**Student:** 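Questions regarding the structure given below will be posed in turn.
In this text the structure is predicted, and so the values were computed from the model without any measurement.
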Amino acid sequence: MRPSQVKKFQEQQTKFASSVSKRTKRIKTLWNKIQTQKTADFCELEELVMEAHKLAGTATTLGFVDLGECGRDIEVLLKPHIENQTLPIGDEDIERLISGIDDIAKIEPKRPDDLTYGEVTLLHEQDRTKQLVYVVAEKPEDATEMVEQLQYIDYEVAMFATAAELKVALDQESPSVLIVDLDDFKLLDEITKVWRKNSGIPLVVLSATECWESRLHAAKAGAFTFFHKPVEYDDILGLLDSLWETHNAQYRVLIVEDDRTLAEHYSIVLQGAGMKTSIVDSPVHLLDELGEFHPDLVLMDLYMPSCSGVEAASVIRQHAAHTNVPIVYLSGETDLKLQMKALQVGADDFLTKPINDLHLTQAVSIRARRFRALSAMMDRDSLTGLLNHSNLKMALERELSRARRHKSPVSFVMIDIDHFKSINDKYGHPVGDKVIKGVARLLNYRFRKTDTSARYGGEEFALILPDTPADIALRLIDEFRSTFAKTPFSNGPENFTATLSAGIATFPEFDSIEGIIEAADSSLYLAKERGRNRVVTHVELGESDDPQEKNTA
């Protein structure tokens with residue numbers, strides 16, 4: 001565990017320890033009530049099972065292993081009585097466990113370093129502004145153009161000529177990817193000896209030969225991908241985009257758990273692995289949070305006081321918008337038949353408490369990644385990977401609703417590639433597609449995870465910037481425009497650049513979807529009319545001398 005993780009874990013242990021006496025007192029009170037019952041009233045019995053279940057899961061997760069086992073044993077002994085509708089009056093085994101629970105609660109919890117829960121590596125302690133790429137080139141002059149292309153897109157690139165130079169750099173900082181441009185595989189063998197010590201770094205090989213032996217050599221060296229030179233830079237950029245998305249995907253996980261302490265622990269673990277979390281401790285708020293948070297996965301307890309996880313899952317599946325979101329139960333239930341019954345309602349998986357932190361993060365990220373991939377096939381433009389037109393409007397409606405509730409600004413941006421028809425006519429549609437993908441790539445790389453970018457249609461794009469007033473949006477989009485204008489695109493041996501124009505409109509000045517889209521579109525047309533390669537806001541639109549000039553561009 002890292003120091004920051006240890007501190008948070010210890011804080012959770014302290015918080016839980018302060019609540020233990022209240023929990024054990026409740027268990028003893030319920031048990032005593034059951035022992036004095038003269039008629040069969042199972043309310044206290046069901047509540048006692050719930051309290052033992054919650055104690056078992058939370059205590060074990062936070063290192064109070066003996067107390068957790070005691071809670072689990074009580075739960076296991078009580079369950080047959082629930083199933084058979086009998087009261088456990090005079091049960092000596094349960095009596096012995098409950099009467100000794102306070103002594104067990106005094107046992108010191110395990111230290112964080114003694115647990116296996118801290119094995120997960122933090123992917124994001126803070127956001128990086130640039131992706132670091134190392135390039136080793138046998139002939140540096142051959143890789144200069146590629147390096148410049150990456151730098152235009154705002155990658156941070158360091159180039160080396162030898163394996164020795166690379167070793168020095170690797171000892172100081174690890175890159176996101178290592179690219180080796182070579183003519184002779186002797187260089188790759190030298191680099192492999194250095195690179196294997198940093199095997200978490202993807203290795204990309206660019207080779208002058210494409211024979212089976214060359215590809216096999218690269219594969220044995222552990223290369224992630226092999227390219228035959230000359231390389232289309234768009235292919236390299238596409239690969240880096242994929243790696244960047246994989247390593248920096250911030251999956252959104254909604255945790256539905258009535259035990260707040262346990263929920264906060266899961267939240268900290270998942271956040272430590274680069275995910276964003278939200279906690280719902282009462283299912284009555286579940287649908288509201290689903291619409292607000294828009295999770296990639298719902299992690300839900302099976303047993304909750306007001307309703308079961310199975311019942312909550314049924315309610316979720318009643319809504320078409322939430323039909324596909326993965327639901328994963330997280331519970332101490334070990335009965336396989338009950339697990340399978342719970343999954344039949346529409347959930348996707350079952351994880352058993354207590355769960356190792358590494359297992360939890362891997363299980364959640366795998367399922368969230370699959371959901372993102374399936375959603376991308378249905379909701380996103382096939383060429384760019386950006387949201388398509390219809391899903392853009394849904395995203396805009398969500399952001400405007402949120403902005404109304406929180407009284408915060410939202411800027412909406414329309415972007416259009418200048419003279420795109422001329423690019424297609426001169427270079428052909430495949431090259432035109434490269435330019436479109438170039439805009440999409442820069443949108444993904446330049447803006448926040450909370451921003452939403454979409455392909456509006458053809459060479460038009462749209463961008464939603466939450467919590468962003470018009471003046472800030474203008475600065476951001478103008479920087480984006482300037483960077484794109486410097487980005488070279490290739491047509492065989494020839495390189496060229498393109499420009500774009502943009503229009504901005506902002507909530508609350510424009511309150512409806514139709515109004516804000518129309519205002520941004522009008523601002524875009526005014527930018528075109530004023531000469532292109534510029535950004536115009538709705539403020540300038542209002543100052544225009546000729547309100548009809550938007551229709552002349």
**Student:** About how many Å separate OH of Tyr251 and CD1 of Ile366, when rounded to the nearest 0.5 Å?
**Tutor:** 10.0 Å
**Student:** Report the residue from Ile472, Ile504, Ile516 that forms a side chain to side chain contact (heavy atoms under 4.5 Å, CB included) with Ser411.
**Tutor:** Ile504
**Student:** Applying salt bridge (charged side-chain N to carboxylate O under 4.0 Å, His left out), name anything that partners Arg402, two or more places apart in sequence or on another chain.
**Tutor:** Glu399, Asp467
**Student:** What is the distance from atom CD of Gln362 to atom CG of Leu360, rounded to the nearest 0.5 Å?
**Tutor:** 10.0 Å
**Student:** Checking Glu397 now: which residues fulfil side chain to side chain donor-acceptor pair (under 3.5 Å) with it, not counting sequence neighbours?
**Tutor:** Ser401
**Student:** Atom CD1 of Ile477 and atom OG of Ser482: how far apart are they, to the nearest 0.5 Å?
**Tutor:** 12.5 Å
**Student:** Go through the structure and list residues passing side chain to side chain donor-acceptor pair (under 3.5 Å) with Tyr427, not counting sequence neighbours.
**Tutor:** Glu494
**Student:** At what distance, to the nearest 0.5 angstrom, does OG of Ser501 lie from CG of Asp416?
**Tutor:** 7.0 Å
**Student:** Do the non-hydrogen side-chain atoms of Glu173 and Tyr134 ever get within less than 4.5 Å of each other?
**Tutor:** yes
**Student:** Counting C-beta onward and ignoring hydrogens, is there a side-chain heavy-atom pair between Ser523 and Thr537 closer than 4.5 Å?
**Tutor:** no
**Student:** Suppose we screen for ring-ring contact (aromatic ring centres under 6.0 Å, His included). Which residues come up paired with His389, at least two apart in sequence or across chains?
**Tutor:** Tyr456
**Student:** For the side chain to side chain donor-acceptor pair (under 3.5 Å) test, which of Lys528, His419, Arg481 pairs with Asn533?
**Tutor:** Arg481
**Student:** Checking Phe447 now: which residues fulfil ring-ring contact (aromatic ring centres under 6.0 Å, His included) with it, not counting sequence neighbours?
**Tutor:** Phe480
**Student:** Show your reasoning for whether side-chain contact (heavy atoms from CB on, under 4.5 Å) applies to Leu351 and His359.
**Tutor:** CA-CA 9 Å; Leu351 302 176; His359 181 194; 4.2 Å; yes
**Student:** I need the Asp349 CG to Leu299 CG distance, nearest 0.5 Å.
**Tutor:** 10.5 Å
**Student:** Mind checking what makes salt bridge (charged side-chain N to carboxylate O under 4.0 Å, His left out) contact with Lys229, not counting sequence neighbours?
**Tutor:** Asp181, Asp183
**Student:** Test of understanding: with side chain to side chain donor-acceptor pair (under 3.5 Å), list the residues that count as partners of Ser214, not counting sequence neighbours.
**Tutor:** Thr209
**Student:** Among all residues two or more places apart in sequence or in another chain, which pass the salt bridge (charged side-chain N to carboxylate O under 4.0 Å, His left out) test with Arg252?
**Tutor:** none
**Student:** At what distance, to the nearest 0.5 angstrom, does OG1 of Thr162 lie from NZ of Lys167?
**Tutor:** 12.0 Å
**Student:** For atom CE of Met159, is the number of surrounding heavy atoms from other residues, nucleotides or ligands below 6.0 Å larger than 12?
**Tutor:** yes
**Student:** Could you go step by step and tell me if Ile201 and Leu170 meet the side-chain contact (heavy atoms from CB on, under 4.5 Å) rule?
**Tutor:** CA-CA 10 Å; Ile201 305 167; Leu170 287 173; 3.8 Å; yes
**Student:** For Asp471, check salt bridge (charged side-chain N to carboxylate O under 4.0 Å, His left out) against everything at least two apart and list the hits.
**Tutor:** none
**Student:** Check side chain to side chain donor-acceptor pair (under 3.5 Å) between Ser453 and all other residues, then give those that pass, not counting sequence neighbours.
**Tutor:** none
**Student:** Check ring-ring contact (aromatic ring centres under 6.0 Å, His included) between His322 and all other residues, then give those that pass, not counting sequence neighbours.
**Tutor:** none
**Student:** Quick one: list whatever passes ring-ring contact (aromatic ring centres under 6.0 Å, His included) with Phe227, sequence neighbours left out.
**Tutor:** none
**Student:** Taking side chain as C-beta onward, heavy atoms only, is Phe412 less than 4.5 Å from Leu392?
**Tutor:** yes
